[in-house]
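Reading through the structure tokens given below for one structure.
Counting starts at 1 for both ligands and their atoms, in listed order.
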Amino acid sequence: MSIYLDYQAAKPVDERVIEEMLPYFNKRYANPSSLHGDGDIATDTLKKARQKVADFINAPKADSILFTSGATESNNLALIGSALRNKKKGDHIIISEIEHITILNIGKFLEKQGFKVSRVPVDRFGIINIEKLKRLINERTILISISTASNEIGSLQPIEEISDIASEKKVLFHTDAVASEAVIPIDVQKVPIDLITLSSNDIYGPRGVGALYLKKGVRVNPILIGGGQERGMRSGSENMTGIVGFAKAAEIMKKEIKDEAARINLLRDKLIGGILESIPKSYLNGHPEKRLPNNAHFRFEYIEGESLILSLRDQNVSAATGSACSSKTLEPSHTLIATGLLHEEAHGSLLYTLGRFTTESDIDTAIEVLPGIIKRLRILSPLTPLDLLKKYQEAEK
Ligand code: PMP
């Protein structure tokens with residue numbers, strides 16, 4: 001296995017979670033909707049799992065959690081479900097310019113359905129402009145959807161402030177907490193957000209399961225129509241194996257998040273320091289402090305991100321240029337462009353994301369291999385200026 005520094009794209013399932021899930025494949029497989037005894041046991045299992053996910057975000061009531069198939073579905077349900085439910089009140093939705101591609105594309109879909117979508121700009125660190133957000137709200141606004149943190153450059157949004165503004169204006173506030181949920185505790189009793197997208201794999205649970213939290217009194221129209229499970233808001237037989245795993249992952253994460261985030265933060269700081277010190281013309285994207293503790297997003301002049309990833313791959317280091325969900329497009333990252341970078345600057349990026357199983361030796365190797373790779377690519381690049389090439393040559397003498 002490589003040195004894996006792409007935790008934002010996928011995380012391994014924790015062994016403790018796998019152990020908890022195993023009986024639910026072939027021993028406790030009943031459907032909670034069944035009327036027999038095994039069905040009752042499944043209903044009880046589902047109730048306990050819901051409670052654990054609710055506890056993870058300090059939600060007072062278990063039924064505020066709706067299980068879904070993952071973050072994409074939760075985001076769809078949050079935005080489309082709220083838009084449909086509230087269309088008599090208004091037709092205006094606010095997102096930010098640097099949302100995850102799911103939210104951006106749901107925004108485009110809603111525009112085609114006749115809704116109006118505004119995109120709040122961000123500053124050069126990728127943090128939204130609060131004053132502009134306030135000015136965008138009007139009497140037709142029904143929902144604000146802004147992620148807790150950028151899944152790409154790690155910048156943390158002022159969600160407490162956004163939540164206050166939204167509740168003062170009587171507008172719903174949804175946040176996609178997928179990028180932050182493994183490193184920043186969520187407490188809905190402290191910050192009363194209306195809707196929150198959660199994903200199981202992002203806290204070391206299985207894929208194919210997620211949740212949408214709905215504050216008391218908040219409802220969405222269903223986007224999957226069927227048997228009326230999940231209080232009628234999300235039909236489909238419950239993915240019990242996945243839900244049991246998600247709940248175990250949430251229970252572990254709640255206990256371990258503070259220590260784990262502190263450990264990862266130290267490693268991340270070592271990584272950032274090591275790389276910026278050893279590589280000329282290297283920069284950190286995103287905010288230096290207001291950023292996810294597991295995120296290190298760099299930019300290197302005269303480098304093309306894809307060739308960097310391929311060279312790292314040869315050295316057995318797994319990294320990304322940005323969001324995995326957008327990596328198949330050749331366009332530069334919309335997030336970096338929104339922070340004011342030029343296309344050519346946005347192309348030279350590298351995203352390292354750390355996680356539960358990252359070791360200090362992984363970080364040491366990552367710091368060690370990169371300067372040589374960057375130097376080799378720069379020597380090959382027609383864009384590298386002569387003075388930098390000379391510096392490299394002198395260093396070799
Ligand atoms: N939101 C964010 C912030 C993400 O990073 C992702 C991808 N992990 C998603 C939503 C979509 O998640 P999924 O592909 O698991 O549905």
Polar contact flag for Asp202 and ligand 1 (N/O pairs, less than 3.5 Å):
no
Quick note on ligand 1: atoms under 4.0 Å from a heavy atom of Asn151 include exactly 3 (C), 5 (O)
Any N or O of Asp176 that comes nearer than 3.5 Å to an N or O of ligand 1?
yes
Just wondering, are more than 12 heavy atoms of other shown residues or ligands nearer than 6.0 Å to CG in Leu35?
no
Give a yes/no verdict on a cation-pi contact between Arg356 and Tyr204, requiring under 6.0 Å between NZ or CZ and the six-membered ring centre and an angle within 45° of the axis.
yes
Asp44 bridged to Lys48 by N-O distance under 4.0 Å:
yes
With a cut-off of 4.0 Å, which atoms of ligand 1 are near a heavy atom of Gln8?
5 (O)
Pair Asn75-Thr102, side-chain donor/acceptor within less than 3.5 Å:
yes
